[in-house]
Protein chains: 2
Amino acid sequence: MLTVALAKGGLLKESIRMFQSIGLDFSAFLEPGMRQLQIVEPTGRVRALKVRNGDVPVYVEYGQAHLGIVGYDVLKEKRPNVAHLVDLGFGGCRVSVAVKNDSRYQSALDFPAHMRVASTLVNCSREYFHDLDIPVELVYLSGAVELGPITGISEAIVDIVETGTTLRENGLRETDVLFNSTARLVGHPLSYRLNQDGMGDVVEQIRELVTAKV
Amino acid sequence: MLTVALAKGGLLKESIRMFQSIGLDFSAFLEPGMRQLQIVEPTGRVRALKVRNGDVPVYVEYGQAHLGIVGYDVLKEKRPNVAHLVDLGFGGCRVSVAVKNDSRYQSALDFPAHMRVASTLVNCSREYFHDLDIPVELVYLSGAVELGPITGISEAIVDIVETGTTLRENGLRETDVLFNSTARLVGHPLSYRLNQDGMGDVVEQIRELVTAKV
């Protein structure tokens, strides 16, 4: 059965709405008290798994899901071996460098060598500072990166910014944008090439939907 | 100021209760709607940071927190450079291998070579199967590992088990226990040796408290 991996959290609602537009209803995931991590939509054609954002490409890479919806930030950080099929447009955010409001640095270019930078996205950060030729010391944190400059574990952070509220609430300001991110439809490369379980039709429907919107 | 890093989630309540027993009140973290990640207790002597379980040893390793409370499972998985000071006794759980109820394997020793095992604790798992001389293929998932055998991404999992309810609800059974875990008090090694900010007294009070209970 065609299987899609959906990311929990911010992308879930929009992902479900998009599948509804092509006649696949996974809205059961949004019912209160719903604990199941796996459902089949009412027509019985397609199964959906609800997994963590970062685990979506793992399920697709191992072929346990034919398709997945995941943020570009995850793809850029983990570089999984999946086919990037469609830019879905929703789930917009950016990955930015931020420092304390009262920091003397206006841009990452001002950062001194060996400054500490905390992030959940250490690969993206490493690449960015490497390209600027600024050797920084990266501190991997699994969450609440905005706490870094407050506690002093790092002078700067690289983090996902949606509205900027979290930064403002923690007395931080953005200095640089590494890249912009949106939700992407990804697929298992071989399954896509072989059009397993009618995967190609679904991809084509989603592609048309997205193109119609633009 | 003496700073302690507390783990969010399951260990938080017990950690706060323990500090209350030695006259340090961080119960403000438990107030509904509390969003601050950093507070100073009423006497103004000690500051606490509320961070993710996995980030506690990072804060301690970098010396941004003198002390931290974290599960032994995290210490065993990440091997951070921190001093293990006191076994606090609470937060008990075990790290176990589990398979589907109808699996033909009774123990990890029955696993065929190159079987897939999903886990958030890939270092602990690698070491365990290496010691058994069973070459398995480890799949790192960031959460909801119990979904592994259901979706077919892996035949077995290695996961943290508290009551066993999650395993039962997902049709899984334990085959082997890798190790038992409890909450540990850890410290920044150099700060501890130099007794910075009266750190030694706090450690001694906690040690006496734990010894008295046993």
Side-chain angles (χ1 to χ4, degrees), chain A residues 1 3-9 35-39 47-66 68 70 74 77-78 80 116-120 122 137-155 165-166 169-171 188, chain B residues 1 3-9 35-39 47-66 68 70 74 77-78 80 116-120 122 137-155 165-166 169-171 188:
Chain A
M1 193 187 303
T3 303
V4 301
L6 304 180
K8 282 181 191 183
R35 286 191 65 184
Q36 270 180 273
L37 299 170
Q38 169 171 247
I39 54 172
R47 185 169 68 142
L49 310 173
K50 188 176 70 173
V51 301
R52 289 206 189 185
N53 202 15
D55 291 343
V56 167
V58 181
Y59 276 90
V60 175
E61 193 168 4
Y62 279 89
Q64 294 306 318
H66 299 80
V70 62
V74 173
E77 177 65 19
K78 305 211 169 178
R116 275 201 203 142
V117 179
S119 189
T120 57
V122 284
E137 184 184 347
L138 290 165
V139 179
Y140 172 77
L141 291 176
S142 66
V145 173
E146 65 276 8
L147 199 55
I150 297 172
T151 58
I153 204 169
S154 71
E155 272 192 89
T165 308
T166 305
E169 284 183 351
N170 288 281
H188 184 255
Chain B
M1 194 189 298
T3 303
V4 302
L6 305 180
K8 281 181 191 182
R35 287 192 61 185
Q36 271 180 272
L37 300 171
Q38 170 172 243
I39 54 172
R47 187 170 66 144
L49 309 173
K50 188 176 69 175
V51 301
R52 288 205 190 185
N53 202 15
D55 291 344
V56 167
V58 181
Y59 276 89
V60 175
E61 193 167 5
Y62 279 90
Q64 295 304 318
H66 300 80
V70 63
V74 173
E77 177 64 18
K78 306 210 168 177
R116 276 202 203 141
V117 180
S119 187
T120 57
V122 283
E137 184 183 348
L138 290 166
V139 179
Y140 173 77
L141 291 176
S142 65
V145 172
E146 63 277 10
L147 200 54
I150 297 173
T151 59
I153 204 169
S154 71
E155 271 192 271
T165 307
T166 304
E169 283 183 352
N170 287 282
H188 183 256

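In what follows, every heavy atom counts, from backbone to side chain, and hydrogens, waters and symmetry copies are set aside. Here is how names work: the chains are called A, B, and so on, in the same order as the sequence lines, proteins then strands, and each is numbered from 1.
Both the backbone and the side chain of A/Leu147 come within contact range of chain B, with heavy atoms under 4.5 Å apart. Looking at B/Gln36, there are no atoms closer than 4.5 Å to chain A (heavy atoms on both sides), in backbone or side chain. For chain A, the nearby parts of B/Leu141 are the backbone and the side chain; heavy atoms of each come within less than 4.5 Å. Looking at B/Glu61, neither its backbone nor its side chain comes within 4.5 Å of chain A, counting heavy atoms on both sides.
For the set A/Arg116, A/Lys50, A/Glu146, the entry with the most heavy-atom pairs within less than 4.5 Å of chain B is A/Arg116. Among B/Asn170, B/Asp55, B/Ile150, the residue making the largest number of heavy-atom pairs under 4.5 Å with chain A is B/Asp55. Put simply, of B/Gly152, B/Gly143, B/Ser142, B/Ala144, the one with the most heavy-atom pairs under 4.5 Å next to chain A is B/Ser142.
Taking each heavy atom of A/Gln64 and B/Thr151 in turn, the nearest pair found is OE1-O, 2.6 Å.
Using a 4.5 Å heavy-atom cutoff, the side chains of A/Tyr140 and B/Val58 are not in contact.
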